[in-house]
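Below is one structure; the comments refer to it alone.
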Amino acid sequence: MTDHIGTHEYALVPPQTFADRFAERWTKEFDMPASEAMRKLWRIMGNTYQEAIKAAAQGRDNRWRVLQPPTGSGKTMGAVVYSGLQAELNASIHPGVKPVGIMIVTRLKAQADEVVSQINAYVGRQVATADHTDQRATPEQLRDSDILVITHQAYTNAKRTLSGVKADRWVRLTHWRGGPRLLTIIDEALANVVEHSQVKLDDLSVVIGYITHDMRLAHPAEVKALETLRESMLVQAGVNDGFGTGTTLAWPEGAAPATVDLTPLRASMRARPFDKLMGKDDEKERQRLALRYDKLLADAEALLDQHAFMALQGTEHSLNSSALAVPLDVPGPVVLDATARVDLMYQLMEDRADIIPTPPGVRDYSNVTLHVAWTKDGIGKSKMIEHATARFARLEADLRQRLSPDRKVFFCVHQRVEHQLPERGELPFAEVAYAHWGAVDGSNAYKDFDTAVILGLPFRDHIWGTNVFFAFQGVRDDDWHENPTWGKHANVRELLQRRHLAASIIQAMGRVRLRKVVDERGRCAPTEVFIVLPAGERGSEILQYIRTDLPHINVVDWPFELDGPKVRRQRQGLPYERLVKFMQHRDPGRTSMSAIRREFGLKPHQVKDLQKLLRDENHATTLALRTLRVTYGSEGKGRGSKSFLVKAT
């Protein structure tokens, strides 16, 4: 199909053709039933893509069109089919008709590669290419590929790109041989859509103390700006201490006490021997500190360039700011987000986003049973780290009694406690897999698992909520900090928290086999999900969001006591797999063997056995650690000797 758009004629995929070809692949290739509600949804998807292309070609608007197909209704597969059809159409057009280029944005690099592979296999030739840090596309591939697939991180880096640092690279991503790419498909909600900047008062004082006399002479304007920033923070901190205020506006955009380009000073600071200043001689520690302080200086520059507000958490004062980390003016943006009904971001975008209604009856989750336990105790990251060993022991004991050996169980937990879960051979189930918050959205790796267990929730603090709101809606005065209203919502910061938690939970639940349709009613094979929610209004509202987003789901009580009687858990041998997972999530630098002993509850003879193992360069554990750039080291002799693992920057 071709269509006149303005003065040009473009090759456009007819929505009905897309729906028919999608249904054919869905039913014949993947052997899944397609209900009339699903077919209607697919026609809506085709219409939405076409409308976005037309709007971009005419320069009419850059409204974000948000499709919310429920989990398991083929949103990613639909992007593959539509892209393949567009590439086929581009190859068959007659002179005078303009082809249409597409950019797809996925959450992970592996997903980008998979989407490229599927599109090329569907078309039968090379029409799509990926561009990410593991696989850079050549300029020729960027120019000639009908479909370009990049990651969310590359997309969110566009703000810096568009500001002029690498503007030519962004042009190469968004343009091809047919001109501007007219459709941008964003698969799953954008991660890190808001760029957060934070400078803590004590950290800023430390960094200023590292500036030498020669550096002060070479960069007087930069140093003065930092000292002015510190003085302003000291004044604001005094106000906060006096009134016990949580957050207060420091200055609106354009009213900072100084503005400065810190690039020259940052370059000088990166060359400082921070390790030797601390009495060490450790190149890896030097790199770690250089990166840490460079990040602080980058945030300081952003704060002086934007609005800023002071926050008091405990006894720690910080200056904070935020900005949208994505360009909203990309051509033809269409978001595929199963949790769009829950995610408040699209409502905060107001007239920049259109949420496309989903026809009823696409999915039926009546074969899903959600087991809910309630707790008044903390289930955020810090509390889970503090109580992980005891809580996971009780969880393991409960699941052993509740689940049969043939089950395939997927665990979603906080990253910093993932290593406390049992190793795969320690649980009596057919298959066990783990993932952490921030690494589950969009993954298909667990689609055949019949059980999901979610323990610990990804709470965000009030600074995050303020940052997100300001990034979309603009800065508010001090009165708003005390009374954070928006529209009919009495506390938009708390609403952001609840919506964020609900969307995260739904994403985690959607990783297992509830995503796969088995009949024309849109049901899945029987699936169980176990979760602990906070007691009270917050937890009840989160559960209601889950019920709304997953219609007909069965919710039952789970008689699990999170912090009940102590359960003793027997470990089998040394924690090889868990040690690798532990080091994977550690920050760069040294981790002493005494810290590892405490973390895993090792006896003295087990520590010696582990040290012997780590000296073996060919052992599987040592090789696995090496892929993480982790090596074993020691210094000293006899009783005063120390051994450790070192993770490179």
Side-chain angles (χ1 to χ4, degrees), residues 66 68 70-71 188-194 196 246-247 311 313 320 322 335 337-350 353 355 365 370-384 412-414 436-438 440-441 452 454-473 476 480-510 529-551 553 555 557-558 562:
V66 184
Q68 46 187 339
T71 299
E188 302 290 352
L190 275 173
N192 304 319
V193 67
V194 174
H196 301 258
T247 59
Q313 290 181 295
N320 304 269
S322 62
V335 182
D337 185 358
T339 59
R341 282 177 294 271
V342 175
D343 196 329
L344 195 63
M345 178 182 74
Y346 304 111
Q347 294 180 36
L348 290 174
M349 290 175 71
E350 294 187 319
I355 299 180
Y365 297 98
L370 177 62
H371 301 260
V372 181
W374 303 90
T375 183
K376 293 182 179 179
D377 300 310
I379 48 177
K381 182 172 69 174
S382 59
K383 284 294 184 181
M384 286 302 303
C412 180
V413 298
H414 285 288
H436 57 263
W437 297 112
V440 294
D441 293 7
I454 301 170
L455 188 61
L457 299 183
F459 289 91
R460 302 290 180 88
D461 59 28
H462 68 280
I463 294 175
W464 170 84
T466 301
N467 270 337
V468 171
F469 184 79
F470 284 7
F472 282 103
Q473 288 287 315
R476 298 296 195 267
W480 183 90
H481 288 273
E482 292 294 318
N483 188 28
T485 61
W486 179 59
K488 64 180 181 180
H489 305 296
N491 188 339
V492 70
R493 281 195 302 225
E494 174 62 19
L495 182 63
L496 278 162
Q497 178 78 271
R498 296 179 185 184
R499 295 285 191 94
H500 158 71
L501 291 172
S504 300
I505 292 166
I506 293 166
Q507 282 284 353
M509 292 172 63
V529 180
F530 296 83
I531 190 170
V532 178
L533 291 177
E537 182 182 323
R538 174 183 279 178
S540 297
E541 187 170 328
I542 291 170
L543 181 57
Q544 186 55 49
Y545 289 135
I546 296 171
R547 287 180 180 272
T548 301
D549 220 56
L550 303 176
I553 189 172
V555 178
D557 286 331
W558 177 24
L562 184 66

Tell me, do Gln497 and His462 make a side-chain contact under 4.5 Å, heavy atoms counted? no
Could you go through Trp464 and Val194, starting from their C-alpha distance and side-chain angles, then the distance that decides it, and tell me whether this counts as side chain to side chain contact (heavy atoms under 4.5 Å, CB included)? CA-CA 9 Å; Trp464 170 84; Val194 174; over 6 Å; no
Who passes salt bridge (Lys or Arg N to Asp or Glu O under 4.0 Å) against Lys381, sequence neighbours left out? none
What residues, two or more places apart in sequence or in another chain, satisfy salt bridge (Lys or Arg N to Asp or Glu O under 4.0 Å) together with Glu494? Arg498, Arg538
Do Trp374 and Leu543 touch side chain to side chain, with heavy atoms closer than 4.5 Å? yes
Glu537 atom CD, over 12 foreign heavy atoms within 6.0 Å: no
Taking it one step at a time, do Met345 and Val468 satisfy side chain to side chain contact (heavy atoms under 4.5 Å, CB included)? CA-CA 8 Å; Met345 178 182 74; Val468 171; over 6 Å; no
Under the criterion side chain to side chain contact (heavy atoms under 4.5 Å, CB included), I'd like the reasoning laid out for Thr71 against Thr339: C-alpha separation, chi angles, the key distance, then a yes or no. CA-CA 9 Å; Thr71 299; Thr339 59; over 6 Å; no
Hey, are the side chains of Asn320 and Thr247 touching, using non-hydrogen atoms and a 4.5 Å cut-off? no
Please tell me if the side chains of Asp337 and Tyr346 come closer than 4.5 Å, counting only heavy atoms from C-beta onward. yes
Residue list, salt bridge (Lys or Arg N to Asp or Glu O under 4.0 Å) with Asp549, at least two apart or on another chain: Arg341
Measuring from atom CD1 of Ile506 to atom CD1 of Ile542, what distance do you get when rounded to the nearest 0.5 angstrom? 10.0 Å
Would you sort out whether Tyr545 and His500 count as a ring-ring contact (aromatic ring centres under 6.0 Å, His included), showing the intermediate values? CA-CA 11 Å; Tyr545 289 135; His500 158 71; over 10 Å; no
My understanding is that only residues two or more places apart in sequence, or in another chain, count here; which of them pass salt bridge (Lys or Arg N to Asp or Glu O under 4.0 Å) with Arg547? none
Can you name the side-chain hydrogen bond (donor to acceptor under 3.5 Å, both in side chains) partners of Thr466, sequence neighbours left out? Arg493
Determine whether Gln473 and Val492 make a side-chain contact, defined as any pair of heavy atoms from C-beta on separated by less than 4.5 Å. no
Compare every heavy atom of Thr375 with every heavy atom of Asp377, then report the nearest pair and how far apart it is. N-OG1, 3.0 Å
Nearest heavy-atom pair of Val342 and Ala502: which atoms, and what distance? CG1-CB, 3.7 Å
Are any side-chain N or O atoms of Trp480 and backbone N or O atoms of Thr485, one a donor and one an acceptor, separated by less than 3.5 Å? yes
CD of Gln347 to CZ of Arg499, rounded to nearest 0.5 Å, is 5.0 Å
Salt bridge (Lys or Arg N to Asp or Glu O under 4.0 Å): pairs with one or both residues in residues 455-466, sequence neighbours excluded: none
Do Ser504 and Trp437 come within less than 4.5 Å of each other through their side chains, counting heavy atoms only? yes
Please report the C-alpha distance between Leu501 and Leu533 in whole Å, then the side-chain angles of each, then the deciding distance to 0.1 Å, and finally whether the side chain to side chain contact (heavy atoms under 4.5 Å, CB included) criterion is met. CA-CA 10 Å; Leu501 291 172; Leu533 291 177; over 6 Å; no
With Leu455, the side chain to side chain contact (heavy atoms under 4.5 Å, CB included) member among Val532, Ile531, Ile379: Val532
Of all heavy-atom pairs linking Phe459 and Gly380, the shortest is CD1-CA, 3.6 Å
